[in-house]
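Just below is one structure, and these are the notes that go with it.
These numbers come from the heavy atoms of this one structure, side chains and all, not from hydrogens, waters or symmetry mates.
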Amino acid sequence: MDVTQHQPGRRRHVFYGFWGFSTLFLALGLSTVLIIGLLVQLLNQDLISTTDMMHSTLSSVASLTAILLARLGLSHASNAPESLESEDFEIDLSWYPPKPSSITNLTTVFNSTGVWGFIFNTSHTPDSQYGTYNWCNMPHVRAKEYPRPPSEYELLYVEVIHRHYLRTPYSSNSFPVEPHPWNCNNIAIYSYSSPLTPGSPPSIPGYHSPFTSPFNPFPPSPLGLQGTCNFPQITTQGLSDSYQHGLDLLSVYSPLISPTSAEFRITNNPITSQVAGALISALLPPKTTTTTPLLIQNKEIDSLEPKYPCPLSHHLFSQIQSTPQWKSHLQLSKEILTQLDIISGVPPSDTSFHISFDHYFDNLSSKQCHSRPLPCSVHSPHNNKCIPQHLADTVYRLGQWEYHHTYRSSKQSLQASVASYGVWIAELLSHISSVTKEETKVRYRHNIAHDGSISRLLGVLQVDDMHWPGMGSEIVFEVYKQQPKHFVRVLYGGQVLKSSSPMLKGNPKGMIPLQQIMGYLGGLIGLREKDGKMMHDIKEMCNTPITYNK
């Protein structure tokens with residue numbers, strides 16, 4: 001396929017296009033003339049006066065270049081953050097491989113026992129083990145482990161994005177028969193509309209109350225998951241974890257968080273709204289606000305989930321899951337899948353359960369996180385034969401390998417993630433730019449998303465050690481000012497993110513110069529300013545013509 005126009009891996013100057021290079025050549029030409037004049041002066045003047053003239057001449061050349069770039073709208077000098085005023089440097093947009101680990105080695109994945117010390121059976125992580133991968137409740141920013149920066153760095157802005165919390169399984173991941181129902185009688189899911197126009201009659205909050213009618217002879221279809229819960233729905237444990245996450249964030253970022261300085265965003269999946277209710281009640285106690293708007297985009301083009309159409313990304317991810325490595329891991333998994341099918345009752349013809357371990361992973365981990373037993377067969381002649389823990393652990397190891405391969409190990413993963421998550425990245429960079437230009441009063445933004453959201457973002461950030469993002473997986477962007485410069489620090493799991501890309505390696509405290517991270521992320525999506533507006537190339541990238549090899 002022909003995608004060279006948008007291939008990451010090329011090196012280019014920050015936001016420079018054709019006109020930027022033309023301007024540089026013009027500046028070099030002018031500087032050559034000035035330097036020739038300087039050499040002539042060297043023959044007639046003493047060393048001191050010549051040195052003074054050299055500094056003056058080079059300063060004039062730099063000033064001339066800056067003026068020309070500003071005239072062309074390439075330097076952003078007009079509104080001044082130093083993010084784009086500093087010296088020119090090259091931006092490396094290359095894909096860099098992650099560090100090797102047990103997750104990336106298929107031989108180790110198949111032959112290991114356990115899940116490398118990961119937690120899959122409780123959302124509680126002891127303080128002494130905090131930071132351990134816990135699928136049920138991932139580590140996040142909290143005061144006890146927070147890496148505090150030196151006092152000379154002033155925190156200006158924070159943007160958080162994290163996966164929702166514990167939920168029931170998706171109905172699509174249900175086994176044909178599920179003998180143990182999921183009941184949510186102690187949770188109220190509210191659904192009502194209320195006018196915002198002053199003077200309009202108020203609405204009374206109403207919540208869903210599921211019931212079974214003795215007069216309705218039709219069983220739910222598919223039969224599978226039963227009970228009064230929705231599939232999916234955030235459970236009581238998930239709501240509790242969401243509230244605690246809010247308290248932990250408040251313990252670190254409280255000076256930035258208030259009803260007038262904070263914004264919250266969700267996806268169209270109701271589980272993100274359910275998490276928002278619990279989390280915001282901790283971040284913004286009820287005494288400070290009675291209602292909070294939740295920003296949401298159209299479900300067909302939502303950039304947070306993401307949902308906007310991107311044929312290129314879809315094609316690249318399909319290619320990644322068609323590689324020899326992917327086919328090999330499925331071939332080696334045939335006996336494992338057969339064992340799972342026999343006990344679960346999933347027919348071998350159900351391709352959704354056999355093109356990856358996603359469905360089995362979700363079904364088993366949802367049960368174990370809620371202290372439910374691993375499922376047993378209800379089909380004769382395999383009655384009472386249950387999935388053993390070692391088989392569930394194998395599913396979890398293979399799921400980790402699949403996510404690593406899809407979003408990080410494959411060379412195509414960077415471009416696939418950039419295309420499908422580039423719009424959200426453009427929104428993030430716009431927020432950061434507005435803060436450094438002092439154009440906004442918003443100091444805290446919070447996005448509640450999904451594992452696919454976090455995975456794509458980790459792929460773009462080229463995280464060194466990739467895992468399947470568990471419940472509550474969190475990435476935080478902090479913007480600092482240390483006079484006269486700005487810096488960004490990226491935290492993952494509550495600690496400074498470790499990236500394989502040299503563009504995202506900061507100083508020992510994790511501080512990345514603003515122009516460096518803006519140049520990297522902006523370069524990947526073609527971010528630029530035109531007529532005072534920030535623009536990007538994601539739509540064009542997504543619609544790049546694809547040539548299929550015959």
Side-chain angles (χ1 to χ4, degrees), residues 81 83 140-142 146 154-165 242 245-269 272-273 275-285 288-289 291-298 302-306 421-450 453-454 456-458 460-461 469 472-481 486-494 497 512 514 517-518 521-522 525 527 534 536:
S83 59
H140 54 253
V141 165
R142 66 180 198 175
Y146 180 65
E154 178 190 1
L155 181 60
L156 301 180
Y157 175 74
V158 168
E159 181 141 358
V160 178
I161 176 172
H162 70 81
R163 188 186 182 188
H164 57 77
Y165 273 96
S242 301
H245 194 168
L247 292 178
D248 290 338
L249 288 168
L250 191 65
S251 71
V252 176
Y253 300 126
S254 59
L256 301 181
I257 303 173
S258 73
T260 57
S261 66
E263 287 187 354
F264 301 90
R265 181 175 171 188
I266 57 172
T267 72
N268 286 271
N269 190 321
T272 60
S273 301
V275 167
L279 182 137
I280 294 173
S281 69
L283 287 174
L284 300 176
T288 65
T289 182
T291 59
T292 302
L294 301 177
L295 299 177
I296 187 170
Q297 289 187 357
N298 182 286
D302 184 13
S303 60
L304 178 59
E305 192 163 354
Y421 221 63
V423 174
W424 188 87
I425 291 170
E427 293 164 348
L428 169 71
L429 297 183
S430 175
H431 298 160
I432 293 174
S433 178
S434 296
V435 169
T436 58
K437 294 178 182 180
E438 300 181 355
E439 295 175 345
T440 179
K441 293 182 179 179
V442 178
R443 289 291 175 262
Y444 180 88
R445 282 189 175 88
H446 198 113
N447 304 268
I448 303 171
H450 306 273
S453 318
I454 304 300
R456 286 170 170 82
L457 186 53
L458 289 174
V460 174
L461 296 173
S473 290
E474 172 199 79
I475 301 173
V476 179
F477 296 86
E478 300 176 330
V479 179
Y480 289 90
K481 187 170 186 179
H486 288 96
F487 296 86
V488 174
R489 188 170 70 159
V490 185
L491 305 180
Y492 174 49
L497 178 136
I512 306 169
L514 182 59
I517 190 170
M518 290 281 284
L521 294 175
I525 65 174
L527 191 70
M534 296 181 76
H536 58 78

I'd like to check [X] versus [Y] (side-chain heavy atoms, cut-off strictly below 4.5 Å). Are they in contact?
X      : Y      : result
Val141 : Glu474 : yes
Pro306 : Gln297 : no
Lys481 : Thr436 : no
Pro469 : Leu458 : yes
Phe487 : Leu514 : no
Tyr253 : Leu283 : no
Val490 : Ile517 : yes
Arg443 : Val435 : yes

Worksheet item: Got a salt bridge between Arg445 and Glu263, using NZ or NE/NH1/NH2 to carboxylate O under 4.0 Å?
Response: yes
Can you name the closest pair of heavy atoms from [X] and [Y] and give their distance?
X      : Y      : value
Tyr165 : Val275 : N-CG2, 3.7 Å
Ile296 : Thr267 : CD1-O, 3.5 Å
Thr440 : Val442 : OG1-N, 3.0 Å
Leu247 : Ala282 : N-CB, 3.6 Å
Tyr421 : Ser453 : OH-CB, 3.3 Å
Ser273 : Ile266 : OG-CD1, 3.0 Å

Discussion item. Please report whether the ring centroid of His245 lies less than 6.0 Å from that of His162.
Written reply: yes
First locate atom [atom1] of [X], then atom [atom2] of [Y], and finally report the distance between them rounded to the nearest 0.5 Å.
X      : Y      : atom1 : atom2 : result
Tyr444 : Leu284 : OH    : CG    : 9.0 Å
Ile525 : Ile425 : CD1   : CD1   : 6.5 Å
Leu279 : Leu249 : CG    : CG    : 6.5 Å
Ile432 : Lys437 : CD1   : NZ    : 12.5 Å
Ile454 : His164 : CD1   : NE2   : 10.0 Å
Arg489 : Leu155 : CZ    : CG    : 8.5 Å

Worksheet item: Short question: side chain of Ser473, backbone of Arg163 - any donor-acceptor pair under 3.5 Å?
Response: no
Discussion item. If we ignore hydrogens and angles and just use 3.5 Å, is the side chain of Ser434 paired with the main-chain N or O of Ser430 as donor and acceptor?
Written reply: yes
Worksheet item: Can Glu478 and Leu256 be said to form a side-chain contact (heavy atoms from CB on, under 4.5 Å), step by step?
Response: CA-CA 11 Å; Glu478 300 176 330; Leu256 301 181; over 6 Å; no
Item to complete: Take Ile257 and Val158, measure what side-chain contact (heavy atoms from CB on, under 4.5 Å) needs, and give me the verdict at the end.
Response: CA-CA 10 Å; Ile257 303 173; Val158 168; over 6 Å; no
Item to complete: Begin with the C-alpha distance, continue with both residues' side-chain angles, and end with the deciding distance and a verdict on side-chain contact (heavy atoms from CB on, under 4.5 Å) for Leu461 and Ile475.
Response: CA-CA 10 Å; Leu461 296 173; Ile475 301 173; 4.2 Å; yes
